[in-house]
There are 2 protein chains.
Amino acid sequence: MTSIDDVARASGVSTATVSRALRGLPNVSAATREAVLATADALGYVVSSSASGLATGRTLAMGVVVPNVSRWFYATVLEGIDAELRRVGYDTILFNLGLKGEDRERVFHRSILRKRTDAVIALCLDFTPSEREQLASLGHPTIVVGGPVNGLRHLGIDELAVARAATDHLIGLGHRAIGHLAGHPEHGLNKRVPRRRRRGYELAMAAAGLPVRPEWIEPSDFDIAGGREAALRMLGRSSRPTALFAASDEMAIGAILAARELGIEVPGELSVVGIDNHALAETFGLTTIAQDPFGQGRLAAELMLAELAGEPPRTDLIDVPTALIERASTAPPPAATSRL
Amino acid sequence: MTSIDDVARASGVSTATVSRALRGLPNVSAATREAVLATADALGYVVSSSASGLATGRTLAMGVVVPNVSRWFYATVLEGIDAELRRVGYDTILFNLGLKGEDRERVFHRSILRKRTDAVIALCLDFTPSEREQLASLGHPTIVVGGPVNGLRHLGIDELAVARAATDHLIGLGHRAIGHLAGHPEHGLNKRVPRRRRRGYELAMAAAGLPVRPEWIEPSDFDIAGGREAALRMLGRSSRPTALFAASDEMAIGAILAARELGIEVPGELSVVGIDNHALAETFGLTTIAQDPFGQGRLAAELMLAELAGEPPRTDLIDVPTALIERASTAPPPAATSRL
DNA sequence: TTGAAAGCGCTAACAG
DNA sequence: CTGTTAGCGCTTTCAA
């Protein structure tokens, strides 16, 4: 491995000058800089991150804690983060907890805390008090993407408002019998997200003077399989709603699949709305409240980088924008249609 | 930040002893070790990876180059890798190229080569000669998961055999008119994977003396939307096959969706088989050749770690096992059924 | 604009 | 079993 000394020797200057030239510091003559860059390139020199990290106290790496990379939302946020970091020369260190969370202890105790990162971005997690304390004790910038967590900064959509907007969309179409595919509080994940989305639904219904029937709230996993099963249960009953607000697009797609299996027409006999604007939403013609996880990831990375650059931390709640996208899965209810 | 000196001072021993005690080296008395561990814990001491990396020449980090984290296969391999690495105290450094690949240059030149990793695992990528050379010049262990690459070690399924097995399954059921949803060679991704899967299909057909009709080979993206569109094209024509071998489960699911939209019954009028055993395969009752991306990731990590531990590199081709899983998407063709 | 030299925090010989 | 000491490769004063 060629070191900075090799480059210095080969270009006939001191290591200090090489260091300065390579990092683009101002106090180097143009001629020297060029010469140094050329020899460094010729020798295939690359700075050792360990050495430079030790000298500067900066690792140029960001820790990203993810419940599960194979879920669309997390994966997409992760891509947004990585894209932004890569742009400025930062590395992404991945901490995948695994949905069952067996690795949490290991990740928190042994890995995150290993002084390998300058800052940490956590996705939509629920932290134990001890984990929160450990994160805080790191003393470096931290932010949570996707669900409010006590005592930690947070960035995400306004869950309540989004759920209300989705439900209101159905109400606005004339639906009165509206069910909700609610998310399970999943182990280790932020439990406020499913709770708030359900609460938003309840508030919207109440505001419209519509009854919420307990049998029309069906909890399930946040994915397609979960949504399908929950919808099969709910739609198989004698009296079923004319519309469904699903807590995520994947669940909504599951509901559409279930409806097809049961011979229920969407949107003719059943309207379905979700949240996310998942990659598959368009394929299924799903009406949804779009959020932009890639952008959220990028924003989180930008915020952390800004702080590392010395800017004062933003302490306000950061709500990112969402937008209703109307596709083919929602329509007025059968009764309302005949009334027209 | 408490350093090793703080711990040494607080426990009244030398830094060397602290280092030894903390790393579990044998030459430390039980009493000393316990005392050191206790004070280290009390002080919240964590080793600096930069310092230790600089001293040992080991970063305890593995680079993982991924085309796109939001694709199921890559995400799952990544989880397998991370789980194994985490187990032994290694960190995962993620290099997400992005499907469009705009970041490749940056990743290769500026990041991977930054001496931050002890080894590199790349997923299913296609490398330019220059990239390959750069990887090799790193001089540390490297492996590719998911598609053979010239000049680099590789681990994955036997693409040809798997494609043949899938096609043979259809042939065995009595199908003679079998179409293929072929994968596009995607930019930056290993082009041999779609090519070999198609070749396997062709070989199986030829071996059974069955004609391959060009209009029954429809290329598309490897995902659900791509499979759906390709299937819509193929199945909308006047004469359509009675069975479809899709190059991936996502494409196969897209085909099932397309069939439903066209009112074609699966498996009554159309059999569909895929490759992967994707998380959704069961939901869709999809017959498929299962592979285990999580296990492949874990295996790749194990191989790299073994080499880093000084074991001689395995140079043989490593084919991981696959298995046919019969579900509800395949059955004998209509004609054959009536013949029974 | 450049160089000399002192660390950054840890590990690994080498002594004892 | 434990301590001393010399680096690992880089950055950063401080001088020149």
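Proteins come first, then strands; the chains are lettered A, B, ... in the order of their sequence lines, and each starts at number 1.
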Per [X] side chain, nearest of listed nucleotides [options]:
X	options	value
Ala51(A)	dA4(C), dG9(D), dG3(D)	dG9(D)
Ser48(A)	dT12(D), dG3(D), dC10(D)	dC10(D)
Arg23(A)	dG9(D), dC8(D), dT12(D)	dT12(D)

Short side-chain N/O contact to dT2(D) OP1/OP2 from Thr17(B), under 4.0 Å: no
Phosphate-side-chain proximity, Ser19(A) and dT11(D), N/O vs OP1/OP2 below 4.0 Å: yes
Gap between atom CZ of Arg132(B) and atom OG1 of Thr142(B) - 0.5 Å precision: 12.5 Å
Sugar-phosphate, base or nothing in reach of Arg20(A), heavy atoms under 4.0 Å: base
Note, Met304(B) side chain near Ile143(B) side chain (heavy atom, < 4.5 Å): yes
Sub-4.5 Å side-chain heavy-atom contact between Leu43(B) and Asp6(B): yes
Strand-adjacent residues in residues 24-39 of chain A, judged by heavy atoms under 4.0 Å from DNA chain D: none
Nearest-nucleotide comparison on DNA chain D, the residue closer to the 5′ end among Ala55(B) and Val13(B): Val13(B)
Euclidean distance, atom [atom1] of residue [X] to atom [atom2] of [N] [Å, nearest integer]:
X	N	atom1	atom2	result
Arg116(B)	dC10(D)	CZ	P	14 Å
Leu54(B)	dC8(C)	CG	P	13 Å
Asp6(B)	dG9(C)	CG	C1'	11 Å

Expected output: side-chain Glu79(A) to main-chain Val69(B) donor-acceptor under 3.5 Å: yes
Working for side chain to side chain donor-acceptor pair (under 3.5 Å), residues Ser29(B) and Thr32(B): CA-CA 5 Å; Ser29(B) 79; Thr32(B) 322; 2.4 Å; yes
